Amino acid sequence: MKPALREQILTILAEIPAGRVTTYGRIAAMTEGGTPRLVARALRDLPAGHDLPWFRVITASRRLADHGGADEQRQRLVAEGVIFDALGRVPAEHLWP
DNA sequence: CATCTGACATAAT
DNA sequence: GATTATGCCAGAT
């Protein structure tokens, strides 16, 4: 992974306001040469204990990505006021432009 | 070097 | 909506 790209991804991540979420694709589109998979990889490679809001990144279908920390992610988002409907999806109002 | 895999997206069905 | 198929790209094997 190119250091510059990861830096862009992390910078964008840090800009997401509390109570809002964004998708892998949107982050990828804001970077140069970024793809959703690279964004996913960048997050996966983050060391545990960092201070970035990794939990504010969801999939394009507005659901949580399938990974081990999904439960914690859901809890953190709910704690911030993000709402999940009966289908486990996040309403579009929470999306960060 | 050839394959497989996955914190994904998109289009078709 | 849910599933399936494809494209994508970096790591691991």
Side-chain angles (χ1 to χ4, degrees):
Chain A
M1 164 93 55
K2 292 175 186 274
L5 178 56
R6 188 182 54 214
E7 193 172 344
Q8 284 185 34
I9 293 173
L10 298 186
T11 298
I12 293 170
L13 187 60
E15 294 295 321
I16 304 176
R20 311 292 296 283
V21 298
T22 192
T23 69
Y24 289 89
R26 281 189 122 148
I27 293 179
M30 295 175 197
T31 63
E32 292 296 332
T35 67
R37 279 202 108 115
L38 289 183
V39 174
R41 270 199 57 74
L43 296 191
R44 189 208 67 178
D45 292 340
L46 285 174
H50 58 73
D51 53 347
L52 296 171
W54 58 271
F55 47 86
R56 295 185 188 136
V57 183
I58 61 180
T59 71
S61 54
R62 309 204 306 276
R63 278 189 265 157
L64 302 185
D66 182 14
H67 65 98
D71 291 315
E72 180 186 350
Q73 180 175 14
R74 190 181 55 251
Q75 289 181 10
R76 289 230 203 191
L77 290 176
V78 169
E80 280 190 344
V82 176
I83 300 197
F84 288 85
D85 61 18
L87 298 169
R89 301 186 306 111
V90 177
E93 304 87 73
H94 288 295
L95 285 177
W96 184 59

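Source: prediction; values computed, not measured.
Annotation: side chain of A:R62 is not in contact with side chain of A:V21 (no heavy-atom distance under 4.5 Å). Contact check for A:W96 versus A:R56: no side-chain heavy atoms found under the 4.5 Å cut-off. Here the side chains of A:P97 and A:R20 are in contact, with some heavy-atom distance below 4.5 Å.
A:A65 comes within 4.0 angstrom of sugar-phosphate atoms only, judged by non-hydrogen atoms across all strands, and of no base.
Rounded to whole angstrom, the span from the CG atom of A:D66 across to the P atom of B:dG6 amounts to 10 Å. Following rounding to the nearest Å, A:H67 (NE2) and B:dT5 (C1') show an atom-to-atom distance of 17 Å. For the pair A:L10 CG and B:dA7 C1', the computed distance is 14 Å after rounding to whole Å.
Within the structure, no pair that satisfies the side-chain hydrogen bond (donor to acceptor under 3.5 Å, both in side chains) test touches residues 21-33 of chain A, not counting sequence neighbours.
For A:Q75, there are no side-chain hydrogen bond (donor to acceptor under 3.5 Å, both in side chains) partners two or more places apart in sequence or in a different chain. Looking at residues two or more places apart in sequence or on another chain, you find a side-chain hydrogen bond (donor to acceptor under 3.5 Å, both in side chains) between A:R76 and A:E72. Taking the side-chain hydrogen bond (donor to acceptor under 3.5 Å, both in side chains) definition, one finds that A:T59 meets it with A:S61, sequence neighbours left out.
The two atoms that bring A:I9 and A:L38 nearest to each other are CD1-O, 4.3 Å, heavy atoms only.
Residues from residues 24-33 of chain A placing a heavy atom under 4.0 Å of any atom in DNA chain B, listed by number, are A:Y24, A:G25.
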Report all interatomic pairs (protein N or O, nucleotide N or O of nucleotides 2-11 of chain C) with separations under 3.5 Å.
unit_1	atom_1	unit_2	atom_2	d
C:dA2	OP2	A:R63	NH2	3.0
C:dG11	OP1	A:M1	N	2.4

